[in-house]
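Structure first, commentary second.
A note on names: the letters A, B, ... follow the listed sequences, proteins ahead of strands, and every chain is numbered from 1.
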Amino acid sequence: MPSMLKMLLTAGLVASMSVAVAAKGFASAKAKAGGVAKVDPRGQVLSLSCSGCHGPDGKSSGVIPSFNGKSPEYIEAALKEFKSGERVSTVMGRHAKGYTDGEIHLIAEYLGTVGKKTK
Amino acid sequence: MSTNISRRDFSKLLATGVAGASLGLFGGVGTAFAAKYRVVVIGGGFGGASTARYLKKLDPALSVTLVEPKAAYVTCPFSNWVLGGLRTMPQITRNYAKLSGRYGINVVPDSAVAIDPVKGTVTLKGGRVLGYDRLVVSPGIDFKWSAIAGYSQELSESKMPHAYQAGAQTVLLQQQLHAMNDGGTVLICPPANPFRCPPGPYERASLVAHYLKQHKPKSKVIILDPKEKFSKQGLFTKGWQRLYPGMIEWRGPAAGGKLISVDGSSMSVKTDLGDVKAEVINIIPPQKAGSIAFTAGLTDETGWCPVNPLSFESTIHKNIHVIGDACKAGAMPKSGFAASSQGKVTAAAIIRLLKGQEPVQPSLVNTCYSLIGTDYGVSVAGVYQLSPTGIIDIPGAGGLTPIDASDDQLAQEAMFAESWYNNIVRDIWG
């Protein structure tokens with residue numbers, strides 16, 4: 001049913017575009033390639049565990065800090081400082097040491113968009 | 001939204017690249033196409049509920065069904081806090097209202113009794129048959145009742161609770177602690193490795209001692225352990241000396257730690273160094289994967305389920321993923337945090353696999369807090385990578401609270417433990 005396919009495809013594109021508009025922060029995580037935006041899917045997968053302590057979408061309840069709404073630059077600097085020990089922590093240094101600087105960059109870019117994606 | 005697109009048409013569309021680009025943009029968020037795909041999750045604990053929640057979060061158009069017989073789920077994490085008098089049972093009880101109401105997950109209050117990996121169906125106790133494109137099995141643990149002579153499920157429900165699946169068992173153990181006399185002995189008998197929540201028995205000893213110190217200060221806690229060493233041993237030992245001097249005694253295998261048998265009528269256990277009597281006896285039996293994993297043939301000779309660590313897909317049956325305590329996850333411990341981490345990684349992998357894409361190299365993480373006393377918390381963290389031998393620790397990352405941590409740091413970790421619990425249960429059950 002080709003017409004149905006076309007309709008759904010258009011709907012899918014529109015949905016994606018509206019998400020894109022809502023998530024301006026994603027711009028830094030995208031590399032333009034032939035007019036099609038691509039996101040490195042590793043950013044998301046590397047970041048999935050963070051909410052296990054920091055709460056859904058990085059909105060924490062209690063003394064663990066929230067990262068929701070923080071910029072990618074802030075998150076990247078914080079993670080690198082935890083990793084080097086420059087920033088004193090209980091457990092974050094032990095986590096941050098598990099990631100390369102490149103991975104920290106991807107995590108920060110992904111998490112830096114979270115605050116803008118949630119309602 | 002109902003569609004008439006067949007999966008073959010969909011694949012063709014993907015192949016043109018046009019749809020692929022739009023789908024790939026944000027990991028396929030909100031595509032109508034994915035509604036065709038049905039993912040069934042068996043088990044609503046830390047692993048299963050995380051998978052269901054993150055499948056819908058990462059791709060709201062997927063059809064996600066969560067099969068869980070219990071209307072209320074009592075978390076094992078923080079059940080030791082209940083024994084210590086620091087939490088109530090309602091405070092550690094979760095339900096599925098938000099997963100079904102707010103997140104659009106089809107929560108089915110039933111249990112899975114059979115899986116047909118060829119047809120791709122799950123049969124429920126109530127008779128319903130659910131078809132799936134991908135199945136996630138997160139059944140947690142079952143006990144090897146016959147591993148300890150004299151022990152049985154009946155005895156666990158009457159006189160010697162395991163309290164290692166939280167709920168009625170936690171309440172029974174708490175009632176026994178409340179009923180015992182000052183000056184009595186509490187026995188805690190953990191199993192050999194591997195088992196659920198490696199620091200759990202030792203946090204339990206700590207928080208039981210916390211309760212006894214206030215209400216029955218002449219009492220004692222004895223741990224009979226078949227292991228030479230245990231999780232966070234240095235930290236626990238130091239904490240016990242500081243907070244509960246003389247109250248907690250750990251006996252390893254050379255000191256009569258290995259159980260030979262138990263006897264409910266005399267409330268005693270037999271070890272190679274003689275009998276030990278106690279007013280409260282907590283037997284934590286050796287464990288194996290939850291029963292549906294066995295019924296479905298997902299286990300190997302170890303009693304646990306081998307999986308491909310990239311996607312947690314069973315290496316025995318295609319299109320079935322096994323996560324949490326039931327799976328063999330290499331260096332990752334059997335913890336609620338690890339199960340949740342695996343569940344999220346599996347959700348992301350399933351979404352890619354359904355689109356015909358390879359799963360992305362995951363980041364697997366564990367964080368386990370243990371409370372030794374109020375204002376006295378310790379933790380262990382792990383970050384893992386995949387290697388040809390499976391899931392291994394990333395060298396230099398993770399590890400324990402330093403043994404010389406300051407009082408401030410220990411107090412901070414206790415507060416973090418509390419915040420962690422509140423955050424992870426909201427992350428999973430909403």
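Chain B forms more heavy-atom pairs under 4.5 Å with one residue of A:Cys50, A:Gly55, A:Pro41, A:Ser61 than with any other, namely A:Ser61. Annotation: maximal heavy-atom pairing with chain A below 4.5 Å, among B:Ala397, B:Ser419, B:Pro395, occurs at B:Ser419. Highest contact tally toward chain B, considering only A:Gly62, A:Ser60, A:Ala96, A:Gly93, is held by A:Ser60 [criterion: heavy-atom pairs under 4.5 Å]. Taking B:Val425, B:Thr401, B:Val345 one by one and counting their heavy-atom pairs under 4.5 Å with chain A, the maximum is reached by B:Thr401. Of the listed residues (B:Arg53, B:Gln409, B:Arg426), the one with the most heavy-atom contacts under 4.5 Å to chain A is B:Arg426.
At a 4.5 Å heavy-atom cutoff, the contact between B:Asn366 and chain A is made by backbone atoms alone. Within the 4.5 angstrom heavy-atom criterion, only side-chain atoms of B:Ile394, from C-beta onward, approach chain A. Proximity to chain A is limited to the backbone of B:Val380, based on heavy atoms less than 4.5 angstrom apart. Heavy atoms closer than 4.5 Å to chain A are found in both the backbone and the side chain of B:Ser379. Only the side chain of B:Tyr369 comes within contact range of chain A, with at least one heavy atom under 4.5 Å from a heavy atom of that chain. Looking at B:Leu400, the atoms closer than 4.5 Å to chain A (heavy atoms on both sides) all sit in the backbone: N, CA, C or O. For B:Ala348, the part lying under 4.5 angstrom from a heavy atom of chain A is the side chain only. At a 4.5 Å heavy-atom cutoff, the contact between B:Gln412 and chain A is made by side-chain atoms alone. Residue B:Phe46 does not touch chain A at all, counting heavy-atom pairs closer than 4.5 Å.
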Q: For A:His95 and B:Val383, run side-chain contact (heavy atoms from CB on, under 4.5 Å): C-alpha distance rounded to whole Å, both residues' side-chain angles, the deciding distance at 0.1 Å, then the answer.
A: CA-CA 6 Å; A:His95 283 299; B:Val383 191; 3.9 Å; yes

(Q) Go through it in stages, so that I can follow the logic: the residues are B:Glu418 and A:Val63, the test is side-chain contact (heavy atoms from CB on, under 4.5 Å), and I'd like the CA-CA distance, side-chain angles, deciding distance and then a yes or no. (A) CA-CA 8 Å; B:Glu418 223 171 320; A:Val63 295; over 6 Å; no

Q: Report the C-alpha distance between B:Lys57 and A:Leu48 in whole Å, list the side-chain angles of each, state the deciding distance to 0.1 Å, and finish with yes or no for side-chain contact (heavy atoms from CB on, under 4.5 Å).
A: CA-CA 11 Å; B:Lys57 197 177 166 88; A:Leu48 286 172; over 6 Å; no

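Scanning all heavy atoms of the two residues, the minimum distance from A:Val45 to B:Pro362 falls at CG1-CA, 3.4 Å. Across all their heavy atoms, A:Tyr99 and B:Val365 have their closest contact at OH-CG2, 3.3 Å. Nearest heavy-atom pair, A:Val91 versus B:Ala381, reported as atom, atom and distance to 0.1 Å: CG2-CB, 3.9 Å.
Looking at A:Arg94, its side chain does come within 3.5 Å of a backbone N or O of B:Gly399 through a donor-acceptor pair.
Considering A:Ser49, A:Ser51, A:Ser47 in turn, A:Ser51 is the only one that fulfils the side chain to side chain donor-acceptor pair (under 3.5 Å) rule with B:Lys344.
Within the model, atoms SG of A:Cys53 and CZ of B:Phe416 stand 9.5 Å from one another, a figure rounded to the nearest 0.5 Å.
With a 4.5 Å cut-off on side-chain heavy atoms, B:Val360 and A:Gln44 do not count as touching.
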